[in-house]
Amino acid sequence: VKLVSHYPNNLYLKPTALLSFGNVSVGIAYSYHSTGSRISRKDYSGEYRFDIKIKGQNFGILGDVVFNPQDAFQVSACAELGRVKSTLNVYEYFKLQTKEFIDEKFTFISRNLYFEPAIKTSYVYDVIRIELSLSYFAQFGKGTLESKEKGIADLKIKGEGVKPGWSGV
């Protein structure tokens, strides 16, 4: 049985649109990130698979201040505030010989707020900018994972609603 339980980061995309006024920029940002976990086993007698995939879509406004805009190597600080929509997909499949016992898919959705401060260094050459950013993503709010399908219970542990935990560096 192969178990992946540490939810490694996978895809992360973040396009932004900024308006600059001297060394200050303001704008909007969208980012997408995903991760997941799998438990699976398959041999001649049957197959078991349990997949959990979660993706986050962030929509936010951001501000950026460049401390040395005249230099090719620049240092800046920025902050982003917005809303994160998380979608959790759960899939379980169990087959023994030729008989399928379980083949179920569930989708849960959560909406919360986030704040992401960052320190950035960048190198600017003509119209090309290469940037390295260190940030902390802090998710807050009471949005728990709720079922998208009718008749399916929301996710709860000991009576408390489960929230996605995107917070971290």
Side-chain angles (χ1 to χ4, degrees), residues 3-38 51-91 105-149 152-169:
L3 173 62
V4 178
S5 61
H6 64 281
Y7 291 87
N9 286 325
N10 288 326
L11 184 62
Y12 178 75
L13 299 172
K14 187 174 184 174
T16 60
L18 298 170
L19 293 173
S20 295
F21 308 96
N23 66 328
V24 176
S25 299
V26 292
I28 58 173
Y30 167 80
S31 59
Y32 174 89
H33 42 275
S34 66
T35 188
S37 174
R38 168 174 276 184
D51 291 334
I52 298 176
K53 297 177 185 173
I54 188 164
K55 65 182 177 184
Q57 297 182 75
N58 305 335
F59 304 92
I61 55 172
L62 63 94
D64 187 284
V65 177
V66 179
F67 299 117
N68 53 337
Q70 70 283 358
D71 298 339
F73 180 77
Q74 298 176 348
V75 177
S76 63
C78 70
E80 184 178 330
L81 179 65
R83 183 178 138 191
V84 58
K85 176 185 175 191
S86 301
T87 304
L88 174 70
N89 292 302
V90 178
Y91 175 63
K105 296 179 183 178
F106 302 101
T107 300
F108 300 91
I109 294 175
S110 166
R111 290 175 178 84
N112 283 291
L113 299 175
Y114 73 92
F115 177 67
E116 185 176 15
I119 296 174
K120 300 189 297 187
T121 60
S122 56
Y123 180 77
V124 180
Y125 179 76
D126 199 23
V127 295
I128 298 172
R129 173 187 296 261
I130 299 171
E131 189 171 273
L132 179 64
S133 175
L134 176 63
S135 65
Y136 184 84
F137 187 93
Q139 173 186 304
F140 57 95
K142 296 183 179 184
T144 59
L145 288 160
E146 298 174 356
S147 176
K148 189 175 167 184
E149 294 90 13
I152 303 297
D154 298 339
L155 287 181
K156 293 185 186 272
I157 296 177
K158 295 184 180 177
E160 300 264 335
V162 175
K163 292 195 287 186
W166 292 114
S167 294
V169 176

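Keep in mind it's a predicted model, so treat the numbers as computed, not measured.
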CA sep, side-chain torsions, deciding dist, call: Arg129, Gln74, side chain to side chain contact (heavy atoms under 4.5 Å, CB included): CA-CA 10 Å; Arg129 173 187 296 261; Gln74 298 176 348; 3.4 Å; yes
Using a 6.0 Å cut-off, check whether atom CG of Leu113 has over 12 heavy atoms from anything other than its own residue. yes
To check you understand the geometry: which heavy-atom pair defines the closest contact between Lys142 and Asn112, and what is its length? N-OD1, 3.5 Å
Sequence neighbours left out, cut at 3.5 Å: what donor-acceptor pairs do the side chains of residues 52-69 make with other protein atoms?
{"residue": "Gln57", "atom": "OE1", "partner": "Tyr30", "partner atom": "OH", "Å": "2.9"}
{"residue": "Asn58", "atom": "ND2", "partner": "Ser31", "partner atom": "OG", "Å": "2.8"}
{"residue": "Asp64", "atom": "OD2", "partner": "Lys120", "partner atom": "NZ", "Å": "2.7"}
{"residue": "Asn68", "atom": "OD1", "partner": "Val75", "partner atom": "N", "Å": "2.9"}
{"residue": "Asn68", "atom": "ND2", "partner": "Asp71", "partner atom": "OD2", "Å": "3.1"}
{"residue": "Asn68", "atom": "ND2", "partner": "Phe73", "partner atom": "O", "Å": "3.0"}

In Å and rounded to the nearest 0.5 Å, what is the CG to CG distance from Leu145 to Leu88? 5.5 Å
Could you go through residues 79-86 and list every donor-acceptor pair under 3.5 Å that involves a side-chain atom there, pairing it with any protein atom two or more places apart or in another chain?
{"residue": "Glu80", "atom": "OE1", "partner": "Lys14", "partner atom": "NZ", "Å": "2.6"}
{"residue": "Glu80", "atom": "OE2", "partner": "Tyr114", "partner atom": "OH", "Å": "2.4"}
{"residue": "Ser86", "atom": "OG", "partner": "Trp166", "partner atom": "NE1", "Å": "2.7"}

Does any non-hydrogen side-chain atom of Tyr123 lie less than 4.5 Å from one of Leu132? no
Val90/Phe108 under side chain to side chain contact (heavy atoms under 4.5 Å, CB included): CA gap, chis, key distance, verdict: CA-CA 8 Å; Val90 178; Phe108 300 91; 4.3 Å; yes
Partners meeting side-chain hydrogen bond (donor to acceptor under 3.5 Å, both in side chains) with Thr107 (sequence neighbours left out): Asn89
Going from CG on Asp126 to CD1 on Ile128, what distance comes out if it is rounded to the nearest 0.5 angstrom? 7.0 Å
